[in-house]
Amino acid sequence: MDFKIKVAELFTQVENELSLEEALTLIEIPPSQDMGDYAVPCFKFAKKYRKSPAVIASEIAEKFGTIEEFERIESAGPYVNFFVDKKHFVEKILKEAFKEKENYGSTNIGKGKSVIVEFSSPNIAKPFHIGHIRTTIIGNSIYKIFNYLGYNTITINHLGDYGTQFGMLISAYKKWGTPEIVEAIEKNPIQELLKLYVRYNKEIETHPEYKEEARYWFKELETGNEEAHRLWTWFREVSLKEFNRVYDMLNIKFDSYAGESFYSDKMPLVMEELEDKCLLKDSEGAKIVELQQYGLTDAVVQKSDGSTLYVTRDIAAAMYRKKTYNFYKNIYVVGAPQKLHFEQWRKIIELMGYEWAEDCVHVMFGTVSLEDGVLSTRQGRVVFLEDVLNKAIEKTMDIINERNTNLENKELVAKQVGIGAVIFQELFNNRIKDYMFSWDKTLSFEGETGPYVQYTYARTCSLLRKGEVEIDDNVDYSILTDKEAFNVIKKIEGFKAAVLGAHDKYEPFFITRYIVSLAQEFNRFYHECPIVVEDIEVKKARLLLTKTVNNVLKKGMELLGMETPERM
RNA sequence: GCACCUGUAGCUCAGUAGGAUAGAGCAGUGCCCUCCUAAGGCAUGUGCCGGGGGUUCGAUUCCUCUCAGGUGCACCA
């Protein structure tokens, strides 16, 4: 980064009308190595000097004398190309990384600021399936990234634990809840509760009165009927226990499980406030907030039967969170189909006069589908998240048994690598892309994959063990100016930018792409340059580089939510 | 009908706040373990960057129209 600033400074010296900021925006990274490390195109100056950009570039390049940080500065066509002094560069980057250790890549931009990340949020009594993988893994990574940058982070699992569906479940249980069913639910909660739910929905067709009964029980639940509450609590607990199995596998923890039910008593106040602020309109018995003038569709905030809706609850939740946590950002990791909902919700909060509406962000992502169509719980088109993780672990175990039979902790490593592969895959592309779930892709471990990065990391660990020297930054840096080492170090320099990019755009894939490319560069270096060698100076220098790569890969994987096995 | 998202190599995708010959992985082919972990490295081919117009010295990138796929549009969440 500092070298880039240096380039900008040099440029402002020869072009004194240029501000440092302007100069910085002009700087580019040349497409090819032999064009230098930084470049400034001169098209912009053509008008001013009435000369061709190529002539300007060569004139500018000549104005620079010898400069310590740069090996040479020369023009190539309309560009001025800067070649950094390799030794200088290498030394600066590695010393910095060595000094900052596991904080290399972090900055303190989040100090004193609280950020809420709401993610995962499965529905109680419904399967935790492949459709939940995205919010869960993306959300966890965003939390880790913000946490690393010094923010005070709060993770919230906004459980879907409220609504008429629970009236149905309670009613169904009261009808068919034999001791055998109780036992089955304890053993296999989600599947059995889902069965009850599906059966109830089916029987509504022949027994229309069931619909009324479900509503009755939901009302009872709301008004504090003891039995209803006891059943609801039980459903919630057994479901959560099952979800926690997956969270444990993924190593995910939440600070709060305040779900929909948590806000159920906070709705009247929201309605009152909307009323006071003259935002409500009656429409066919329902209460709405008109939003058409803002290019949105009107939002229903209260049904004609008086009960509230999703948006109303989210407004209550946002207000509660502002009051409780005084957030700097309130992040919702929820699928793209809910874009309109979040736009309406944000607009309403804004209309209520809360400036912090702009601090609420919807981090959306594309939809997962299956090869045989859209996911559908009812139609049995589900892939359970737990099955995906377990299959990935199994496959990893097979590979380990094939190739490394004397590895210790095989089970642990298989778990770390298998799950790492799934996480990595999920965070490899731009969030917004839709994708089709495929076992082949999920279970492929070659090329740009999680195992590839973990393998490279394990390789660095192995080298550090075999090196048997104390790593310090007092080495002969000229050893690291060859092409392969230099490329690795240039890559290392980019870590900070990758983390910041991921932060700014709420896009973990900046980090995913980054660590894969770092691993690639390191593997090239590894194949070209023997590291653990007789010559102690060469060994020390190359091991310092190895150690730095080791640190960055480890931190990068951690930010994605992956484990980092030291042998595999 | 209206709105939003996506469209780049056979497949899956990158493409850095418009710039120098558009890049990776997979799949295919051929090399490299007497050498630090071969889940690795090297070599090799592939592109009307969906299409038309426009802005610009310069467009995969910005604007506009258009085609294709996906998603959302009031009492589900």
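Below, chain A is the first sequence line, B the second, and so on; all start at residue 1.
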Item to check | Integer angstrom distance from the C1' of B:U16 to that of B:A22 | outcome: 14 Å

Checklist entry - Taking N and O atoms by type only, does the side chain of A:Asn81 place a donor or acceptor under 3.5 Å from a partner on the base of B:A20? => result yes

Next on the checklist: Is the phosphate of B:G40 approached by A:Arg459 (side-chain N or O, under 4.0 Å from OP1 or OP2)?
Outcome noted: no

Checklist entry - So, is the end of the A:Lys266 side chain (NZ or CZ) under 6.0 Å from the ring centre of A:Tyr320 and within 45° of the ring's axis? => result yes

Checklist entry - Within 45° of the ring axis of A:Phe428 and under 6.0 Å from its six-membered ring centre, is that where the NZ or CZ of A:Arg513 lies? => result yes

Checklist entry - Nearest-Å distance, CG (A:Leu296) to C1' (B:C2)? => result 13 Å

Checklist entry - Does B:C49 have a Watson-Crick or wobble partner in any strand here, with both distances under 3.5 angstrom, and which is it? => result none

Checklist entry - Taking atom P in both B:G1 and B:U66, what distance in whole Å separates the two? => result 12 Å

Checklist entry - Would you say a side-chain N or O of A:Tyr526 is under 4.0 Å from OP1 or OP2 of B:C35? => result no

Checklist entry - Quick one: A:Phe43 CZ to B:A59 P, roughly how many Å, whole number? => result 11 Å

Checklist entry - B:C76 C1' sits how many Å from A:Gln344 CD, rounded? => result 14 Å

Item to check | Residue among A:Lys339, A:Arg346, A:Lys347 satisfying salt bridge (Lys or Arg N to Asp or Glu O under 4.0 Å) with A:Glu343 | outcome: A:Lys339

Checklist entry - C1' atom, B:U21 versus B:A27: distance in rounded Å? => result 26 Å

Checklist entry - Of the nucleotides B:U16, B:A77, B:G72, which one has an atom closest to the side chain of A:Ile29? => result B:U16

Item to check | Watson-Crick or G-U wobble mate for B:G18, both contacts under 3.5 Å | outcome: none

Checklist entry - Does any nucleotide pair with B:G69 by Watson-Crick or G-U wobble geometry, both distances under 3.5 Å, and what is it? => result B:C5

Next on the checklist: Applying a 4.0 Å non-hydrogen cut-off, can you work out what A:Glu528 is touching in the nucleic acid: base, sugar-phosphate, or nothing?
Outcome noted: nothing

Checklist entry - Quick one: A:Glu448 CD to B:G23 C1', roughly how many Å, whole number? => result 10 Å

Next on the checklist: Counting the atoms with a prime plus P, OP1 and OP2 as sugar-phosphate, which does A:Thr297 contact under 4.0 Å by heavy atoms, base, sugar-phosphate, or nothing?
Outcome noted: sugar-phosphate

Checklist entry - Checking only heavy atoms, does the side chain of A:Ser283 share a donor-acceptor pair with the base of B:A74 at less than 3.5 Å? => result yes

Item to check | Watson-Crick/G-U partner (both atom distances under 3.5 Å) of B:C42 | outcome: B:G30

Checklist entry - Salt bridge between A:Glu563 and A:Lys415, side-chain N to carboxylate O under 4.0 Å? => result no

Item to check | Nucleotide of B:A20, B:G41, B:C36 approaching A:Lys466 most closely (side-chain heavy atoms) | outcome: B:C36

Checklist entry - What does A:Arg567 touch in the nucleic acid at a heavy-atom separation under 4.0 angstrom: a base, only the sugar-phosphate, or nothing? => result base

Next on the checklist: Nearest whole Å is fine: how far is B:C73 P from A:Leu291 CG?
Outcome noted: 15 Å

Next on the checklist: Roughly how many Å apart are B:U12 and B:G47, using the C1' atom of each and rounding to a whole number?
Outcome noted: 16 Å

Checklist entry - For A:His527 and A:Lys505, take the nucleotide of RNA chain B holding the closest heavy atom to each; which residue's nucleotide lies nearer the 5' end? => result A:Lys505

Next on the checklist: I need the CD-C1' distance between A:Glu446 and B:G28, as an integer number of Å.
Outcome noted: 15 Å

Checklist entry - Among B:A20, B:C36, B:A77, which nucleotide sits nearest the side chain of A:Pro30? => result B:A20

Checklist outcome for this item: A correct 5'-to-3' footprint of nucleotides 4-14 of chain B, with B, S and - meaning base, sugar-phosphate only and no protein heavy atom under 4.0 Å, is SSSS----SSS

Checklist entry - Charged N to carboxylate O under 4.0 angstrom, A:Glu212 versus A:Arg215? => result yes

Next on the checklist: When the C1' atoms of B:C36 and B:G41 are compared, how many Å lie between them, rounded to an integer?
Outcome noted: 14 Å

Next on the checklist: What's A:Cys461 touching, base or sugar-phosphate or nothing? Going by heavy atoms closer than 4.0 Å.
Outcome noted: nothing

Next on the checklist: I'd like to know if A:Glu28 pairs up with A:Lys4 as an ion pair, taking the criterion as any Lys NZ or Arg NE/NH1/NH2 lying under 4.0 Å from an Asp or Glu carboxylate oxygen.
Outcome noted: no

Checklist entry - Quick one: does NZ or CZ of A:Arg431 land under 6.0 Å from the six-membered ring centre of A:Phe365, within 45 degrees of the ring axis? => result no

Item to check | Partner nucleotide of B:G58 by Watson-Crick or wobble geometry (both distances under 3.5 Å) | outcome: none

Item to check | B:G50 and B:U8, which share atom name P, separated by this distance in whole Å | outcome: 6 Å

Item to check | C1' gap between B:G45 and B:C57, integer Å | outcome: 35 Å

Checklist entry - Expressed in angstrom and rounded to an integer, what is the separation of A:Leu500 atom CG from B:A17 atom C1'? => result 15 Å

Checklist entry - Whom does B:C13 pair with, Watson-Crick or G-U wobble, provided both distances fall under 3.5 Å? => result B:G23

Checklist entry - Is A:Thr367 touching bases, backbone alone, or none of the nucleic acid, heavy atoms closer than 4.0 Å? => result nothing

Checklist entry - Toward the 5' end of RNA chain B, which comes first, A:Val80 or A:Gln520, by nearest nucleotide? => result A:Val80

Checklist entry - Within 45 degrees of the axis of the six-membered ring of A:Phe445 and under 6.0 Å from its centre: does A:Lys395 put its NZ or CZ there? => result yes

Item to check | Options B:U21, B:C36, B:A20, nucleotide nearest the side-chain atoms of A:Ser32 | outcome: B:U21

Checklist entry - Whole-Å distance between B:G25 C1' and A:Phe445 CZ? => result 16 Å

Checklist entry - Base, sugar-phosphate alone, or nothing: which one does A:Ala39 contact when heavy atoms must sit under 4.0 Å apart? => result base

Next on the checklist: Does this structure show an ion pair linking A:Glu521 with A:Arg524, if we count only N-O contacts that are shorter than 4.0 Å?
Outcome noted: yes

Checklist entry - Going by an N to O cut-off under 4.0 Å, is there a salt bridge joining A:Arg321 and A:Glu118? => result yes

